[in-house]
There are 2 protein chains.
Amino acid sequence: MSAHTYEYPRPAVTVDIVVFTLRENRLQVLLIQRAEPPHAGAWALPGGFVHMEESLEEAAARELAEETGLRQAYLEQLYTYGAPLRDPRGRVITVAYFALIPAGASLQQSPTYEVTQARWFPVDALPPLAFDHAEIAAYALRRLRYKLEYSAAGFELLPEEFTLTEIQSTYEIILGEQLDKRNFRRRILEANIIEPTEQMRSGEGRPARLYRYRPDAVAEVKARRLFP
Amino acid sequence: MSAHTYEYPRPAVTVDIVVFTLRENRLQVLLIQRAEPPHAGAWALPGGFVHMEESLEEAAARELAEETGLRQAYLEQLYTYGAPLRDPRGRVITVAYFALIPAGASLQQSPTYEVTQARWFPVDALPPLAFDHAEIAAYALRRLRYKLEYSAAGFELLPEEFTLTEIQSTYEIILGEQLDKRNFRRRILEANIIEPTEQMRSGEGRPARLYRYRPDAVAEVKARRLFP
DNA sequence: CCAAAAGTGTTTGCTCTACACCCATGG
DNA sequence: CCATGGGTGTAGAGCAAACACTTTTGG
């Protein structure tokens, strides 16, 4: 890393974000439709170039805000993709992030000149994606599912207050399987990561108590060891 | 990501590698001593610039080969560090990898003009490091320990054939705690990821059977769920 | 009073953990 | 024959999974 190495040609660096949310009882991903070549008209992950004065995480947060209007969201670096030919225009390395948006958060999209349209797609029905974005989205989904199993990341997809049935349903949607109601309630209450509020929510049937996430909660569980 | 954005100034992109091995019954990390400013004379992780025609993984493998002479090693992307001021020379984004080298592999170092010296340091006794490399090394160690708990990555640090005591000792060194001999053996044999060879190794005391890793083994265990 | 969703404990099986002695070889 | 490390099984405790009925509200 001596000084003269700086004369080498440099790759361009972007961030791309896999934005997840719950909508209509499905896990969905935000995609934008590209306005310009390459892949004009194709769907792609939101993203853009990293500015010189901002960190990678700041770049991801800025792009997320530009696409959704949201300033607060769970954001986690996923993986960096750098195959030499992944972008036909030249060498572009992208640092992929994934974001979790609370269900029902009001998005205000301010599409820039780059974007003709933004839309949510269910994760199990994504259209063909530009570049290597299908691979990135698939990896993000794997990571999200895995993460749910040993952490409390699921709360990032819920509004501030929620019923036990709603959170169970969140887990069922993401994991794609049914869970036992009594076991689920016992374990989530014993884990001590949520606390009851004074409110109840009325709908059809008996009203349900509302809970909130305890932000001070230690939300990771130690993975079971392969070896003792 | 339209074409005109390519006129933006670009960051430099490097790879840095946290190379782990077992030496003298300790987990050790390879460091190089910098020959040129900034941080001339300080210890740092091996690494270098990503060339335009190679992938990130290829860049990491090339740098690893240049520093150690090893062409085959376990290599995994760790995290990408991109704080604007992490390198005083300007904007340098680094994609960090970690590598696992089998114990006793013969290294041939071919230090380049950039490196005055390369040395192994025990992970619990690293010298002060240049740039943000201390943070990177600490994260790599955390990831390695975590990885050992739910995968069979430990085998990458062992020679092709090994005794059960040797592999148990590997786990004890990395995890930093003693493990029960009978429980360890039962579980690793039931996991079906190693198979006995015909060879025995004689030393002091009763000879021990040699085992080898089954490369077709499914070496990950499902993490215990936080919720049922 | 009926439909709809909320809420609540116990039993059973399995997995993890703790623990101590005999075996094979070399010197 | 003795020192050294290799190799082996079992019992008890704690955790996870399966399972059905009662309660509260709105219409």
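Below, read A as the first sequence line, B as the second, and so on, with proteins coming before strands; counting in each chain starts at 1.
Place B:Arg186 and B:Thr163 on DNA chain D by their nearest nucleotides, and B:Thr163 ends up nearer the 5' end. Of the residues near DNA chain D, B:Leu164 and A:Arg206, the one whose nearest nucleotide (by heavy atom distance) lies more toward the 5' end is B:Leu164.
The nearest whole Å value for the distance from the CZ atom in B:Arg209 to the C1' atom in D:dG5 is 16 Å. Between the CZ atom of B:Arg185 and the C1' atom of C:dC19 there is a distance of 16 Å, given to the nearest Å. What separates CD1 of A:Ile188 from C1' of C:dA6 is a distance of 16 Å, to the nearest Å. As rounded to whole Å, 14 Å separates atom P of C:dT8 from atom CG of A:Asp180. Between the CD1 atom of A:Ile167 and the P atom of C:dG7 there is a distance of 13 Å, rounded to whole Å. The nearest whole Å value for the distance from the CD atom in A:Glu190 to the P atom in D:dG14 is 15 Å. The separation between B:Lys181 atom NZ and C:dA20 atom C1' is 11 Å, rounded to whole Å. Between the P atom of C:dA6 and the CG atom of A:Leu210 lies a distance of 11 Å, rounded to the nearest Å.
A:Phe155 has its ring centre less than 6.0 Å from the ring centre of A:Phe162.
Between the side chain of A:Arg182 and the base of C:dA6, no donor-acceptor pair under 3.5 Å is found. The base of D:dA16 is not paired with the side chain of A:Asn183 by any donor and acceptor separated by under 3.5 Å.
Regarding contacts with the backbone of C:dA5, every side-chain N or O of A:Thr165 stays at 4.0 angstrom or more from both OP1 and OP2.
A:Thr14 OG1 to A:Phe131 CZ: the interatomic distance, rounded to the nearest 0.5 Å, is 8.5 Å.
Checked against salt bridge (Lys or Arg N to Asp or Glu O under 4.0 Å), B:Arg206 has no partners two or more places apart in sequence or in another chain.
Looking at heavy-atom distances under 4.0 Å, B:Ser202 makes no contact with the nucleic acid at all.
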Determine, step by step, whether B:Arg62 and B:Glu66 satisfy the salt bridge (charged side-chain N to carboxylate O under 4.0 Å, His left out) criterion, reporting the C-alpha distance in whole Å, the side-chain angles of both residues, the deciding distance to 0.1 Å, and the verdict. CA-CA 6 Å; B:Arg62 174 180 53 74; B:Glu66 287 174 8; 3.3 Å; yes
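Between B:Arg212 and the options B:Glu198, B:Glu195, B:Glu160, a salt bridge (Lys or Arg N to Asp or Glu O under 4.0 Å) holds for only B:Glu195.
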